[in-house]
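To start, the structure itself, in structure tokens.
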2 protein chains.
Amino acid sequence: MAKAKTPRRTSYHHGNLRDALIDAAIQLVEEGGPDNVSVREAAKRAGVSPGAPFRHFQSKTALLTAVAELAMSRLTEAVADALSEVDSADPIVAFEAIGQGYLEWAIANPTHFQVISSRTLIDFDGSDSLRGQNEAIRRKMIDLLTQAQQQGKLAANADFDHLVLAARAFVYGLARMVVDGHFSQWHPSEPPSLALRKALHLFISRMTNLSEAKS
Amino acid sequence: MAKAKTPRRTSYHHGNLRDALIDAAIQLVEEGGPDNVSVREAAKRAGVSPGAPFRHFQSKTALLTAVAELAMSRLTEAVADALSEVDSADPIVAFEAIGQGYLEWAIANPTHFQVISSRTLIDFDGSDSLRGQNEAIRRKMIDLLTQAQQQGKLAANADFDHLVLAARAFVYGLARMVVDGHFSQWHPSEPPSLALRKALHLFISRMTNLSEAKS
DNA sequence: AGAGCATGTAATCAGTGATTACAAATGGGA
DNA sequence: TCCCATTTGTAATCACTGATTACATGCTCT
């Protein structure tokens, strides 16, 4: 899938430098995290001079933003896959599946997750793609909660905004704790990923059942 | 409180360079976040040559780790203050207060929060102070849950580890969403901090009440 | 074929973390 | 009191980074 690493090139022009740079940047991200990416190294791997990338990306941030857009697409796919594998009609099960899919993707692709959730490495707000895909997931969550409520599986006065906020914060927090290395020494005998799944299920079942929280 | 910014110095030796460097680094962190810190600039502000800091800190990471240790102490204080202001004997109220204190401190000191929760800028695992203070908070949470259970305010079979994990992930997630700028455009009319408080309260009351989650 | 534009190069800049050889000051022991 | 070892800071330097500029090349369209 990836282009040949050898930067052999016969013509003066590269032909597809933009994509080659993104590929190289992804490779660098996978090798050593976002901090491992340098424009020069990406240029070198594309077999091109250090200044060339700036014809295609205004800044390092722009290059990493392009990487983030690809990564975000993969995350969206992962979430969609997780949803499509749910064989229950229960919207709350689907809701949990989103969290599962998100979490599993983040753990399987920690460096990419770091890229898309950073706001210093990339220009999130400046990318319609990033904002759009993020918002799409959020809207899907609200849809599912709405369905759940219509099916009488959620308190009639449930506050969707707070519920979705809580769910997002929870899953995001779990993912970041993993990615940020907060589980580097993990004493409970249980493997981390299992603990995460259980914690997620605990969270979902507690937060969404009909019993009402006292204000 | 801070030393004079003017690096006027009469003697060859600085006298207190180590502390001055930490002060300068804190100042830089407050001005523009962790990425704004450079050893050279800290040295300049301390009125000293670019190489001098390396007599006191093996690396930039070591300097930022020292900053993190101070920041973590402040966080510990903030949490302790929040706890001492609780005038209820209910351990679950105290439990929520820890979350509140943590969250408020993180929001009030976003850049310091970034420093202590990073694992690339600082050497967390290598600092007894950081690990210790972190663990102390975690243990306090478990103590409170134990009390709650003894007072019959928690399910008899509540899984403390998963509950504490969930609570930490939730609060950490909220804090990071704020710090990472995930609320830069916030559509609901409600101010973010209020929404966070409500979400936290929702979380605590749902997760800790006697009703049992179905496995 | 030639004009114009997109693309890549070379040279250069300022800033970074880090290391080294050297110089200055401090303080304890004779 | 004096001297010398240790601590502490300096100066020079290295390799690397993101970024900009002036220039060279080659593709494409009329």
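Quick note on labels: first sequence line is chain A, next is B, and so on, each numbered from 1. The structure presented is a predicted model; accordingly, all values stated were derived computationally and were not measured.
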Residue closer to the 5' end of DNA chain D, B:Ala52 versus A:Glu41 (nearest nucleotide) |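 Whichever sits nearer the 5' end wins; that is B:Ala52.
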
Does a sphere of radius 6.0 Å around CD in A:Glu30 hold more than 12 heavy atoms from other residues, nucleotides or ligands, not counting ones at 6.0 Å or beyond?
->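 Yes, enclosed.
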
Whole angstroms only, please: what is the [atom1]-[atom2] distance between [X] and [N]?
X	N	atom1	atom2	result
B:Asn16	C:dT26	CG	P	15 Å
A:Asn36	D:dG18	CG	P	11 Å
A:Leu21	D:dA19	CG	P	13 Å
A:Phe54	C:dT12	CZ	C1'	14 Å
A:Gln58	D:dT21	CD	P	12 Å
B:Lys60	D:dT17	NZ	C1'	12 Å
A:Asp35	D:dG18	CG	C1'	15 Å
B:Ile122	C:dG17	CD1	P	17 Å

Does a side-chain N or O from A:His56 land closer than 4.0 Å to OP1 or OP2 of C:dA6, or not?
->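 For C:dA6, neither OP1 nor OP2 has a side-chain N or O of A:His56 closer than 4.0 Å.
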
Side-chain N,O (B:Ser38) to OP1/OP2 (C:dT16) below 4.0 Å =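 Yes, because at least one side-chain N or O of B:Ser38 sits under 4.0 Å from OP1 or OP2 of C:dT16.
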
Look at the side chain of [X] and decide which nucleotide, out of [options], has an atom nearest to it.
X	options	answer
B:Ser49	C:dT7, C:dG17, D:dT10	D:dT10
A:Leu17	C:dA18, C:dG8, D:dG18	C:dG8
A:Arg55	D:dT20, D:dC23, C:dG17	D:dC23

Any sub-3.5 Å donor-acceptor pair from A:Asp159's side-chain atoms to A:His162's backbone N or O?
->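 Yes; judged by distance alone, with no hydrogens or angles, the pair exists.
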
With no hydrogens and no angle check, is any side-chain donor or acceptor of B:Ser118 less than 3.5 Å from a backbone partner on B:Val115?
->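 No: the side chain of B:Ser118 does not pair with the backbone of B:Val115.
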
So, does the side chain of A:Arg40 form a donor-acceptor pair with the base of D:dG18 at under 3.5 Å?
->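 Yes, a donor-acceptor pair under 3.5 Å.
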
Do the ring centers of A:Phe170 and B:Phe170 come within less than 6.0 Å of each other?
->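 Judged by ring-centre distance (under 6.0 Å), A:Phe170 and B:Phe170 do not meet the cut-off.
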
If every non-hydrogen atom of A:Tyr172 is compared with every non-hydrogen atom of B:Gly173, which pair is closest and at what distance?
->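 That closest heavy-atom pairing would be CD2-O, 3.9 Å.
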
